Amino acid sequence: MLKAAVAGVIGFVLIFIEAMIVMKLKGYETIEFGGLSPFINVWAMNFFFIYAILTQVTNWYINKQELNEDNSY
């Protein structure tokens, strides 16, 4: 549940970071997302991207802790 909340917030922030990058590269002053539906589609794509990264980081951290516990003699 915490991963979903964090992914939702970071996914939303990523939209603005991506928009700023595009504006700087293309020399635009504003970006038109084309309505609410495309904006939500971009947010959903970012949400699942961040959720997948957080899942892998969580698994890595759990496995790292298990290895540290197994190697402590």
Side-chain angles (χ1 to χ4, degrees):
M1 183 94 166
L2 181 64
K3 276 192 299 190
V6 170
V9 170
I10 294 176
F12 190 73
V13 170
L14 265 179
I15 292 173
F16 296 105
I17 294 171
E18 292 164 354
M20 293 301 276
I21 291 170
V22 169
M23 286 191 303
K24 292 293 181 187
L25 289 176
K26 299 247 180 184
Y28 296 160
E29 296 202 11
T30 62
I31 290 184
E32 175 67 35
F33 286 101
L36 187 60
S37 180
F39 185 82
I40 291 174
N41 287 339
V42 172
W43 175 79
M45 189 170 44
N46 288 339
F47 171 84
F48 289 114
F49 177 65
I50 297 298
Y51 190 84
I53 289 173
L54 289 175
T55 301
Q56 286 300 106
V57 168
T58 303
N59 289 339
W60 168 80
Y61 184 75
I62 290 170
N63 290 336
K64 181 182 171 193
Q65 293 297 333
E66 288 175 358
L67 285 175
N68 287 341
E69 291 172 3
D70 290 343
N71 290 335
S72 59
Y73 292 101

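The figures that follow rest on heavy atoms only: side chains count, while hydrogens, waters and symmetry mates do not. A quick note: this is a predicted structure, and the numbers were derived from the prediction, not measured.
- In the hydrophobic clustering, Met1 connects to no other residue, as no ILVMFWY side-chain heavy atoms lie under 4.5 Å from its own.
- Under the 4.5 Å side-chain heavy-atom criterion for Ile, Leu, Val, Met, Phe, Trp and Tyr, Leu14 and Phe33 are members of distinct hydrophobic clusters.
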Acceptor/donor pairs from residues 41-54 side chains to any protein atom, 3.5 angstrom cut, sequence neighbours excluded:
unit_1	atom_1	unit_2	atom_2	d
Asn41	ND2	Ser37	O	3.3
Trp43	NE1	Gly8	O	3.0
Asn46	ND2	Gly11	O	3.4
Asn46	ND2	Glu18	OE1	3.4

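- Thr58 meets the side-chain hydrogen bond (donor to acceptor under 3.5 Å, both in side chains) test with no other residue; sequence neighbours excluded.
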Please tabulate, one pair per line, all N/O donor-acceptor pairs under 3.5 Å involving side-chain atoms of residues 19-28, not counting sequence neighbours.
none

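- Shown here are the ring-ring contact (aromatic ring centres under 6.0 Å, His included) partners of Tyr61, two or more places apart in sequence or in another chain: there are none.
- Following chains of ILVMFWY side-chain contacts shorter than 4.5 Å, one cannot reach Ile31 starting from Leu36, and the two form parts of different hydrophobic clusters.
- Considering only residues two or more places apart in sequence or on other chains, Asn59 meets the side-chain contact (heavy atoms from CB on, under 4.5 Å) condition with Thr55, Gln56.
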